[in-house]
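Worksheet: the structure to be examined is printed underneath.
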Amino acid sequence: MSVNAELAAAFGEIAKLIEILGQDKFRAIAHDKASRIIEAYPTDLKTIVAGSGADARKRLTEIEGVGPKIADKIIEYCTKGRVQELDELRAEVPAGLLPLMQIPGLGPKTLHALWKEGGVKDLAGLKKAIESGRILELPRMGEKSVQKLKESIALAEQGETRLPLGMAMPIAEAIVAKLRSAKGVERIAFAGSLRRGKETIGDIDILVSTSDPDAVGAVFRGADDVVQVISAGETRSSVRVRIGGDAGRWGALQEGQAGPSIQVDLKIIPEASWGAALYYFTGSKDHNVAVRQRSLDRGWTLNEYGLFEDDGKAEPHKRGLKPIASRTEDDIFKALGLPFIPPELRENRGELSLKSTPRLVEVGDVRAELHAHTTESDGELIIEELAREAKHRGFHTIAVTDHSKSSVIAGGLTPERLREHIKAVRAADAWIEGISILPGSEVDILSDGSLDYDDELLAQLDVVVASPHAALSQDPATATRRLLRAIEHPMVHIIGHPTGRLINRRAGLAPDMAELFAAAKAHNVAMEINAHWMRLDLRDHHVRAAVEAGCLIAIDCDVHAVDDFDCLRYGVMTGRRGWLPPEQCINTWDKKKLHAWLRSKR
DNA sequence: GCCGTTTTCGGCCCGACTGTTTTCAGTCG
């Protein structure tokens with residue numbers, strides 16, 4: 001884990017412990033906010049602390065959400081490897097209490113009461129209190145609450161994690177398609193983190209405007225794959241929907257992973273408030289808080305029904321007030337003096353300072369796939385099928401990059417087999433028209449940073465994607481040296497899935513990204529966003545740092561089967577979340593420019 | 001604990017739903 005991730009975890013835990021203890025909730029919010037900002041902060045905080053000496057505190061407080069106290073704790077962690085305050089809080093709160101925060105419906109207030117008044121210290125204690133009925137003696141705890149709590153515990157015990165984007169998206173699209181045909185439905189869309197393209201999704205938000213709320217609610221709650229109705233109100237319903245366990249070539253989901261169901265929320269929206277609701281429910285939370293503050297500064301208040309004059313009283317929409325803007329997101333942005341901000345940017349990471357809508361990479365910009373496998377290693381398609389599919393998708397170039405010899409399990413090619421394969425690819429390129437088929441390889445970056453083929457063989461390949469596949473638990477310093485060596489290799493075009501992480505499965509390497517991006521720029525190497533939804537590697541905040549460092553980005557689907565081409569949109573969303581403009585993404589270049597760039601390495 | 005073109009103190013987004021209550025606290029997003 002990187003220092004930033006460790007610090008983010010520490011501040012997140014401090015926030016939770018403060019909440020459980022019932023101390024100042026704004027202090028908890030401040031730590032929670034700092035946690036989220038540090039998690040996504042592009043520069044290694046340890047570098048800042050080590051590099052700025054006595055100025056460290058000043059440098060750190062320049063980070064939004066980091067004040068003097070948090071800065072001191074960052075310095076303490078970077079120099080001493082611990083945060084004393086966290087140790088003290090841990091000593092106060094029983095260790096088994098913290099995980100109970102994950103149980104839906106169990107918040108800090110209830111947990112505090114369970115602990116202090118009910119003597120509950122962990123999950124076993126909680127179950128005992130429920131069985132004995134003692135729990136009913138606590139304030140605001142009745143039969144129904146206990147029943148819900150029992151169901152929530154059962155869910156939590158299945159090991160709930162956030163669902164990968166590529167699993168949530170098809171579920172959301174299926175629900176949208178189903179509800180679209182319900183009686184009275186006028187508009188329907190999904191919002192939330194799914195619309196923002198986050199790599200994992202906590203729950204799916206569906207928005208509907210309709211002349212018949214009861215009908216759409218009934219269809220929604222009555223669907224075959226609904227396993228639980230959590231709530232059913234006039235304007236909101238929540239259910240849990242069963243999910244499939246197919247995780248592509250990484251096999252079925254393991255027991256206790258990703259859980260068997262995901263929460264889906266349906267919101268019924270008045271047609272006149274469509275834009276305000278879509279904006280509100282798209283989030284993120286941090287973006288919404290910031291934009292609301294901006295509204296208040298201008299004497300307005302923003303809620304899911306629209307932008308209103310702020311008369312100091314709550315719920316303006318219920319008092320017949322006419323909104324300043326509400327019909328479209330555009331109307332609201334205009335009223336607030338903002339350009340349209342693409343959903344992927346709405347994370348309160350500088351997007352509110354934009355003067356115009358940035359041109360970010362789009363799926364339609366991508367004209368080349370530079371990372372694809374055939375049956376020669378672990379792919380399902382032969383060269384011709386791969387080429388025809390790429391052509392069908394409107395690409396001008398497809399690179400055939402089968403695995404190298406060390407990836408034994410993936411059927412990696414020996415030098416002899418690779419030489420034959422190159423001939424086969426060149427032959428296919430000669431007779432298949434309308435697309436360039438380039439011989440390449442996804443070459444293993446071995447644990448010491450050397451490549452899996454010698455230079456003489458690499459020189460015969462038009463495209464070299466160098467990727468780490470093994471030794472993915474190296475320490476950050478070793479991983480940095482390893483990847484730097486590959487970047488510096490004169491034959492390498494692209495660093496494939498640079499960290500090797502698998503979402504919800506494997507953390508992967510934690511190299512110093514800033515160092516890698518600087519080297520990639522200097523050596524004219526593109527860093528890959530591997531678009532497969534189990535990878536999305538580089539991840540969004542890496543891309544942001546890479547874009548700012550001025551280094552080239554490749555978005556590749558790492559194609560093993562026809563359907564993998566469909567992952568492109570997830571890679572593009574990740575690129576957009578990293579503020580990636582099309583010209584910095586080599587897959588958007590026209591054939592002449594791309595091929596000239598590839599040849600410049602030969 | 002953070003933050004500041006009306007503030008260095010006094011704020012900190014806003015509403016729906018539920019279950020427990022006789023008016024609202026807790027949780028969630």
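Worth knowing before you read on, the calculation uses all heavy atoms, side chains too, and leaves out hydrogens, waters and symmetry mates. Protein chains get the first letters and strands the later ones, always in sequence-line order, with residue 1 at the start of each.
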Without decimals, in angstroms, what is the distance between A/His287 NE2 and B/dC14 C1'?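 Answer to the nearest Å: 15 Å.
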CZ of A/Phe26 versus P of B/dC9: gap in Å, rounded?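 One finds 19 Å between P of B/dC9 and CZ of A/Phe26, rounded.
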Taking atom types as modelled, find out whether [X] and [Y] have a side-chain donor-acceptor pair closer than 3.5 angstrom.
X: A/Ser284; Y: A/Arg346; result: no
X: A/Thr574; Y: A/Asp540; result: no
X: A/Ser209; Y: A/Arg187; result: no
X: A/Asp32; Y: A/Ser35; result: no

Dump the pairs, protein N or O against N or O of nucleotides 27-29 of chain B, anything under 3.5 Å, distances to one decimal.
residue	atom	partner	partner atom	Å
B/dT27	OP1	A/Gly107	N	2.9
B/dT27	OP1	A/Gly107	O	3.1
B/dT27	OP1	A/Thr110	N	3.0
B/dT27	OP1	A/Thr110	OG1	2.3
B/dT27	OP2	A/Lys109	N	3.2
B/dC28	OP1	A/Gly105	N	2.6
B/dG29	OP1	A/Asp203	OD2	3.2
B/dG29	N2	A/Tyr280	OH	2.8

What's A/Val66 touching, base or sugar-phosphate or nothing? Going by heavy atoms closer than 4.0 Å.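 The answer is sugar-phosphate, as A/Val66 gets under 4.0 Å only of primed atoms, P, OP1 or OP2.
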For A/Asn288, report the nucleic acid contact type (base, sugar-phosphate, nothing); a contact means any heavy atom under 4.0 Å.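 If one applies the 4.0 Å heavy-atom cut-off, A/Asn288 turns out to touch nothing in the nucleic acid.
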Mind checking the P distance from B/dT23 to B/dG10? Whole angstroms is fine.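 It comes out at 33 Å once rounded to the nearest Å.
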Check: A/His31 ring centroid to A/Phe26 ring centroid under 6.0 Å: no
Below 4.0 angstrom from OP1 or OP2 of B/dC17, is there any side-chain N or O of A/Ser238?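 So the side-chain polar atoms of A/Ser238 never come under 4.0 Å of the phosphate oxygens OP1 or OP2 of B/dC17.
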